[in-house]
Visitor: 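The structure under discussion is supplied below as structure tokens; questions concerning it will follow.
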Amino acid sequence: MATDPGKKLFVGPRFRRIRQQLGLSQTQFAEGLGISPSYVNLIERNQRPVTAQILLRLAETYDLDLRDLATADEDRFFAELNEVFSDPLFRQIDIPKQELRDLAELCPGVTHALQRLYAAYAEARRGETLAAAQFAGRDESMGGRFDANPIEQVRDLIEANRNYFPELEQAAETLRDEINVPAQDLFAALSTRLREKHSIQTRIMPVDVMRETLRRFDRHRRQLLISELVDGPGCAFQLAFQIALSECTPAFDTIIARAGALDDTARRLYRITLANYFAGCALMPYQPFLTAAESLGYDIHVLAQRFNTGFEQVCHRLTTLQRPNARGVPFFMLRVDNAGNVSKRFSSGTFPFSKFGGTCPLWNVHSTFDTPDRLLKQVIELPDGSRYFSVAQMVRRPVAPHPLAQPRFAIGLGCEIRHAARLVYASGMDLDKSEGTPIGINCRLCERENCAQRAEPPLTRTLILDENTRRVTSFAFSNAREV
């Protein structure tokens with residue numbers, strides 16, 4: 001935390017971010033802390049320090065871990081800045097790491113703006129061929145500009161909310177209280193809800209009718225059509241998704257309004273993402289799911305059995321357990337295919353996902369394709385010394401009719417090593433002495449030497465070419481950081 005010579009704590013941006021994540025106004029936040037709204041305003045503008053008493057009251061009232069308060073968001077923002085300024089575009093600018101860390105701590109809004117600007121630059125750079133065609137007059141459909149990637153925009157919004165949306169949690173709990181059925185009867189109850197409250201009939205359709213579609217809502221006939229290829233948990237999820245679209249519009253509008261200006265594509269994608277979030281909440285209501293997870297040591301397979309859900313659904317839900325006063329382990333999760341493409345990433349912790357590139361091949365999430373029926377576990381260590389515990393397993397999506405390829409993905413779920421003792425998978429392990437597998441964020445940002453799996457040299461080092469020597473790695477590079 002930033003301090004002045006008198007050891008006073010000025011944490012305005014962080015203080016404001018916590019309040020916004022809790023969904024509270026300055027007046028509500030002040031009431032919880034026992035101070036005046038004007039004092040909250042001054043703290044958030046860095047015109048007043050935060051006292052130890054206020055910090056303790058903040059931790060007690062809102063169940064905050066002060067260690068997370070001090071590092072979680074700053075570590076993520078610092079990782080984002082480090083990734084951006086590793087680009088060759090900035091090679092001639094020598095920015096010390098401490099300056100990037102100071103910027104991440106004191107000016108998170110600027111950090112986010114820089115990241116979005118760089119994302120737009122990277123998108124434009126990837127599309128330079130299209131731009132050349134446009135300027136040559138061969139393609140006038142581009143409109144003269146490149147928009148930011150809506151997928152990355154929505155991912156940023158999810159991260160900004162710590163993957164927790166209290167309005168949707170409450171709506172899902174209300175739904176489950178109203179239908180009041182066990183998990184095994186949820187499909188029938190949700191189908192009845194759609195029929196009686198929204199005049200929507202649910203039909204399971206044969207594959208020859210819905211060969212390339214898993215779910216379709218026929219607005220004119222008021223029918224929700226689901227392919228027979230979707231398994232039981234998937235069918236219940238699709239019904240809950242449709243209920244979200246039918247009943248949660250006010251909550252969606254409130255959440256989307258908080259996001260500020262979004263183009264139509266990003267707004268639609270955010271709405272779909274929020275409906276998916278609600279569906280997961282409906283299948284796994286917050287408090288029963290958290291209670292079960294804690295009592296079972298976060299046993300993913302048993303949780304899936306108890307709540308009649310799939311492995312991936314449980315892993316995704318575990319990343320959302322961030323309710324004040326009732327938090328679960330702060331997990332991160334990603335989904336990759338066997339080519340290493342990342343199609344999902346969520347985090348309620350501090351894991352520094354790369355936004356521009358794949359993942360490290362030394363992370364055993366990639367090995368799950370060779371052991372499809374086994375759950376793999378691993379202690380991993382990043383170059384900065386931070387250690388994490390992860391589990392991974394391959395999952396199969398809805399089956400595809402012959403001769404289409406059967407889709408397969410790997411799911412990785414992990415947490416900081418300090419939380420691993422709460423997981424049944426770490427039973428019997430000496431986590432303090434367990435040697436971690438050294439991995440990087442991805443090859444372009446990793447500066448580890450002599451890695452046989454390296455696919456490209458780090459952007460921050462000078463490539464060394466020697467025709468007389470063949471090393472273990474295909475790339476040799478200088479020890480000195482390029483400036």
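Values below: every heavy atom of this structure, side chains too, minus hydrogens, waters and symmetry copies. Sequence positions, counted from 1, serve as the residue numbers for this chain. Since we're looking at a predicted model, the values are computed, not measured.
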Visitor: Indicate the atoms forming the closest heavy-atom contact of Cys315 with Ile300, along with that distance.
Guide: SG-CD1, 3.8 Å
Visitor: Does CD in Glu178 sit with more than 12 non-hydrogen atoms of other residues, nucleotides or ligands closer than 6.0 Å?
Guide: yes
Visitor: Looking at Gln305, I'd like to know if its CD atom is crowded, meaning that more than 12 non-hydrogen atoms belonging to other residues, nucleotides or ligands lie closer than 6.0 Å.
Guide: no
Visitor: Tell me, do Leu194 and Thr202 make a side-chain contact under 4.5 Å, heavy atoms counted?
Guide: yes
Visitor: Is there side-chain contact between Phe241 and Asn276, with heavy atoms separated by less than 4.5 Å?
Guide: yes
Visitor: As a test of understanding, state which of Met210, Arg216, Gln238 forms a side-chain contact (heavy atoms from CB on, under 4.5 Å) with Ile226.
Guide: Gln238
Visitor: Nearest 0.5 Å please: distance from the CZ atom of Arg267 over to the CG atom of Asp253.
Guide: 10.0 Å
Visitor: Carefully, step by step, assess His198 and Glu247 under the rule side chain to side chain donor-acceptor pair (under 3.5 Å).
Guide: CA-CA 9 Å; His198 304 288; Glu247 301 183 11; 2.7 Å; yes
Visitor: Which atoms form the tightest heavy-atom contact between Ala259 and Leu262, and what is the distance?
Guide: CB-CD1, 3.9 Å
Visitor: Less than 4.0 angstrom from a charged side-chain N to a carboxylate O is my criterion; do Asp264 and Arg268 meet it?
Guide: yes
Visitor: Using only atom types and a distance under 3.5 Å, with no angle test, would you say the side chain of His419 pairs donor to acceptor with the backbone of Phe389?
Guide: no
Visitor: With side chain to side chain contact (heavy atoms under 4.5 Å, CB included) as the criterion, how do Leu186 and Val181 come out once you've worked through the C-alpha distance, each side chain's angles and the decisive distance to 0.1 Å?
Guide: CA-CA 6 Å; Leu186 189 57; Val181 296; 4.2 Å; yes
Visitor: Kindly compute the distance separating CD1 (Ile200) from CZ (Arg193), expressed to the nearest 0.5 Å.
Guide: 11.5 Å
Visitor: Just by modelled atom types, is the Arg374 backbone N or O under 3.5 Å from a matching donor or acceptor in the Thr371 side chain?
Guide: no
Visitor: Work out which heavy atom in Leu190 is nearest to a heavy atom in Ala236; give both atom names and the distance.
Guide: CD1-O, 3.5 Å
Visitor: With side chain to side chain contact (heavy atoms under 4.5 Å, CB included) as the criterion, how do Arg215 and Leu224 come out once you've worked through the C-alpha distance, each side chain's angles and the decisive distance to 0.1 Å?
Guide: CA-CA 7 Å; Arg215 177 189 61 84; Leu224 178 62; 3.7 Å; yes
Visitor: Are there over 12 heavy-atom neighbours, none belonging to Arg222, within less than 6.0 Å of that residue's CZ?
Guide: yes
Visitor: Before you tell me yes or no, could you show the steps for Thr320 and Arg317 under side chain to side chain donor-acceptor pair (under 3.5 Å), namely the whole-Å CA-CA distance, both residues' side-chain angles and the distance that decides it to 0.1 Å?
Guide: CA-CA 5 Å; Thr320 67; Arg317 184 60 168 138; 2.7 Å; yes
Visitor: Go through the side-chain N and O atoms of Arg327 and Gln322 and say whether any donor and acceptor fall under 3.5 Å apart.
Guide: yes
Visitor: Give me the atom names and distance for the closest heavy-atom approach of Ile439 to Cys360.
Guide: CB-SG, 3.6 Å
Visitor: Could you tell me whether a side-chain N or O of Arg408 sits under 3.5 Å from a main-chain N or O of Arg396, the two making a donor and an acceptor?
Guide: no
Visitor: Can you find a heavy atom in the side chain of Ser246 that is under 4.5 Å from one in the side chain of Ile243?
Guide: no
Visitor: Would you call Ile204 and Cys235 a side-chain contact if the rule is heavy atoms closer than 4.5 Å?
Guide: yes
Visitor: So do Thr437 and Trp363 actually touch side chain to side chain, heavy atoms under 4.5 Å?
Guide: no
Visitor: Any sub-3.5 Å donor-acceptor pair from Asp430's side-chain atoms to Ser434's backbone N or O?
Guide: no
Visitor: Treating Ser386 as the side-chain partner and Leu382 as the backbone partner, does any N or O pair qualify as donor plus acceptor under 3.5 Å?
Guide: no
Visitor: Assess whether a salt bridge exists between Arg19 and Glu31, defined as any Lys/Arg side-chain N lying under 4.0 Å from an Asp/Glu carboxylate O.
Guide: no
Visitor: Hey, is Arg57 close enough to Glu60 for a salt bridge, meaning N to O under 4.0 Å?
Guide: no
Visitor: Is there a side-chain contact between Phe346 and Leu334 (heavy atoms, below 4.5 Å)?
Guide: no
Visitor: Any donor and acceptor pair, going by atom type alone, linking the side chain of Arg176 with main-chain N or O of Ala282 inside 3.5 Å?
Guide: yes
Visitor: Do Tyr270 and Phe252 have their ring centres less than 6.0 Å from each other?
Guide: no
Visitor: Is there any side-chain hydrogen bond (donor to acceptor under 3.5 Å, both in side chains) pair reaching into residues 280-304, and which pairs are they, with sequence neighbours excluded?
Guide: Gln287-Thr291, Glu294-Tyr298, Glu294-Arg422, His301-Gln393
Visitor: So do His366 and Thr359 actually touch side chain to side chain, heavy atoms under 4.5 Å?
Guide: yes
Visitor: Answer yes or no: is there a donor N or O on one side and an acceptor on the other, between the side chain of Asp337 and the main chain of Gly340, under 3.5 Å?
Guide: yes
Visitor: Can the ring centroids of Tyr388 and Phe351 be said to lie less than 6.0 angstrom from one another?
Guide: yes
Visitor: Could you tell me which non-hydrogen atom of Gln223 sits nearest to which non-hydrogen atom of Phe217, and how far apart they are?
Guide: O-CD1, 3.3 Å
Visitor: Is the count of non-hydrogen atoms from other residues, nucleotides or ligands lying under 6.0 Å from Arg258 atom CZ greater than 12?
Guide: yes
Visitor: Identify whether the distance between the nearest side-chain nitrogen and carboxylate oxygen of Arg387 and Glu416 falls below 4.0 Å.
Guide: no
Visitor: Between Leu239 and Ser191, is the side chain to side chain contact (heavy atoms under 4.5 Å, CB included) condition met? List the steps.
Guide: CA-CA 7 Å; Leu239 266 64; Ser191 180; 3.7 Å; yes
Visitor: Is atom CZ of Arg203 surrounded by more than 12 heavy atoms (other residues, nucleotides or ligands) closer than 6.0 Å?
Guide: no
Visitor: Step by step, work out the side chain to side chain donor-acceptor pair (under 3.5 Å) result for Arg195 and Gln201.
Guide: CA-CA 5 Å; Arg195 183 179 67 254; Gln201 297 289 332; 5.0 Å; no
Visitor: Can you tell me how far the OG1 atom of Thr273 sits from the CD1 atom of Ile151, to the nearest 0.5 Å?
Guide: 9.5 Å
Visitor: Just how far is it from atom OH of Tyr164 to atom CD1 of Ile158, taken to the nearest 0.5 Å?
Guide: 15.5 Å
Visitor: Could you walk me through whether Glu312 and Arg397 pass the side chain to side chain contact (heavy atoms under 4.5 Å, CB included) test, one step at a time?
Guide: CA-CA 9 Å; Glu312 181 178 343; Arg397 302 304 302 278; 3.8 Å; yes
Visitor: With a 3.5 Å distance limit and no angle check, can you tell me whether Tyr277 reaches the backbone of Phe165 through a side-chain donor-acceptor pair?
Guide: yes
Visitor: Are Lys344 and Met333 close enough that some pair of their side-chain heavy atoms sits under 4.5 Å apart?
Guide: yes
Visitor: Is a side-chain N or O of Asn161 found less than 3.5 angstrom from the main chain of Asn163, in a donor-acceptor match?
Guide: no
Visitor: Suppose we call two aromatic rings close when their centres sit under 6.0 Å apart. Are Phe29 and Tyr62 close by that rule?
Guide: yes
Visitor: Taking atom CG of Leu24 and atom CG of Leu33, what is their separation to the nearest 0.5 Å?
Guide: 9.0 Å
Visitor: Is the backbone N or O of Leu229 less than 3.5 Å from a side-chain atom of Ser227, with the two atoms forming a donor-acceptor pair by type?
Guide: yes
Visitor: Taking all non-hydrogen atoms of both residues, which atom of Ala183 and which atom of Asn308 are closest, and how far apart?
Guide: O-ND2, 3.7 Å
